[in-house]
Amino acid sequence: MSSSSNYKLIYFAGRGLAETSRMLFKAAGQDFEDFRYPITIKDGQYIRPEWDADKPKYTYEKIPVLEIDGGKYTIAQSKAIERFLARRFNMFGSNDIEAALIDAAGEQILDIKQAYNKAKTTGGDAVKQFFENDLTKTFAIFEKQAGKDKSGYWIGSRLSLFDIQLYNLIHFFDDQQSVQKALEECAALKAIHDKVEQTPEIKKWLSERPDSMF
Ligand SMILES: N[C@@H](CCC(=O)N[C@@H](CS)C(=O)NCC(=O)O)C(=O)O
């Protein structure tokens, strides 16, 4: 398989679990087919007839899925897709230690999203506690690990998967005021956020990507 492969990334018409991969493609300047199953909400239920019809043909019956070379290879699981693309596009660190650090931080993002979802269902002041404790602590750790070589990226001297994951984590939450408060002491992370946003290919994508409800 060479990097001249063609790619089709299949997901719903939303950012969700596909947006980091879309941004990896954009940052790498690699063309791909951004296939989106239509999805709407009616009476609190997701309506997506085209997906319901096609679902059984997909690995694990879930999306995102990345098809390579006209479906010759199919990769499921958003994190596997992200790591595959990051490796292929040279955005997964410059050695196995950097790759593992990027990987671990990405796993922590999954844990933190899980904690947020749990807090939302717990009620009371659980969400407030989440922002003040869990998210603030995680950001503080990411901050401490960041920018060792002054490149302005989280690790190494170039944009990596984690920079993009961090950007999307920051925008994952509706309550941006609480996110900014959690980031208050994190100058390096805020700079990474801005650096990602200003990356020309990403800046262009952010200005033209379709609006979506998630
Ligand atoms: N761990 C998987 C989860 C994939 C997943 O649950 N995808 C949802 C959409 S966000 C899905 O396809 N659900 C099947 C359905 O709604 O029928 C990943 O990260 O890719």
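Ligands are counted one by one from 1 in listed order, and the atoms in each one are counted from 1 as well.
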**Q** Look at atom 13 (N) of ligand 1 and find which of Gln77, Glu82, Lys62, Lys79 reaches it with the closest heavy atom.
**A** Lys62
**Q** Would you check if there is a donor-acceptor pair between the side chains of Arg88 and Ser5 at a distance under 3.5 Å?
**A**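 Yes, Arg88 and Ser5 have a side-chain donor paired with an acceptor closer than 3.5 Å.
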**Q** Do Trp51 and ligand 1 have an N or O pair less than 3.5 Å apart?
**A** yes
**Q** Please check if Phe172 and Tyr11 belong to a single hydrophobic cluster, counting links between Ile, Leu, Val, Met, Phe, Trp and Tyr side chain heavy atoms closer than 4.5 Å.
**A** no
**Q** Run the numbers on Asp103 and Phe92 for side chain to side chain contact (heavy atoms under 4.5 Å, CB included), then give the verdict.
**A** CA-CA 8 Å; Asp103 213 1; Phe92 205 50; 4.3 Å; yes
**Q** Any idea which atoms of ligand 1 are less than 4.0 Å away from a heavy-atom of Arg48?
**A**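 Those of ligand 1 that fall under 4.0 Å from Arg48 are 15 (C), 16 (O), 17 (O).
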**Q** By number and element, which atoms of ligand 1 are closer than 4.0 Å to a non-hydrogen atom of Phe12?
**A** 9 (C)
**Q** For the pair Leu135 and Tyr116, evaluate side chain to side chain contact (heavy atoms under 4.5 Å, CB included) and give the outcome as yes or no after the intermediate values.
**A** CA-CA 9 Å; Leu135 189 63; Tyr116 177 64; over 6 Å; no
**Q** Are any of the N/O atoms in Tyr11 less than 3.5 Å from those in ligand 1?
**A** no
**Q** If you count the atoms of ligand 1 from 1 in the order shown, which ones are under 4.0 Å from a heavy atom of Glu61?
**A**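 In order of numbering, the contacting atoms are 14 (C).
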**Q** Taking only heavy atoms of Leu17 into account, list the atoms of ligand 1 that are under 4.0 Å away from them.
**A** 3 (C), 4 (C), 5 (C), 10 (S), 18 (C), 19 (O)
**Q** Mind telling me whether Tyr167 and His171 have parallel, tilted or perpendicular rings, with 30° and 60° as the class edges?
**A**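 Rings of His171 and Tyr167: tilted, 30 to 60°.
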**Q** Using a 4.0 Å cut-off to any heavy atom of Lys55, which atoms of ligand 1 qualify?
**A** 14 (C), 15 (C), 17 (O)
**Q** Measure the distances from the heavy atoms of Pro64 to every atom of ligand 1 and state whether one is below 4.0 angstrom.
**A**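 Checking ligand 1 against Pro64, which is what was asked, there is a heavy-atom contact under 4.0 Å.
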**Q** Starting from atom 8 (C) of ligand 1, locate the nearest protein heavy atom and write down its residue, its atom name and how far away it is, to 0.1 Å.
**A** Ile63 O, 3.6 Å
**Q** Parallel, tilted or perpendicular, judged at 30° and 60°: which one describes the rings of Phe214 and Phe12?
**A**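 Perpendicular, since the angle between the ring planes exceeds 60°.
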**Q** Ring centres under 6.0 Å, that's the criterion: do Tyr73 and Phe84 meet it?
**A** no
**Q** Suppose we measure from atom 20 (O) of ligand 1 to each protein heavy atom; which comes out shortest, and what is that distance?
**A**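 Nearest neighbour among protein heavy atoms for atom 20 (O) of ligand 1, to 0.1 Å: Ser78 N, 2.8 Å.
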**Q** Would you say the rings of Phe162 and Tyr153 are close, in the sense that their centroids are separated by under 6.0 Å?
**A** no
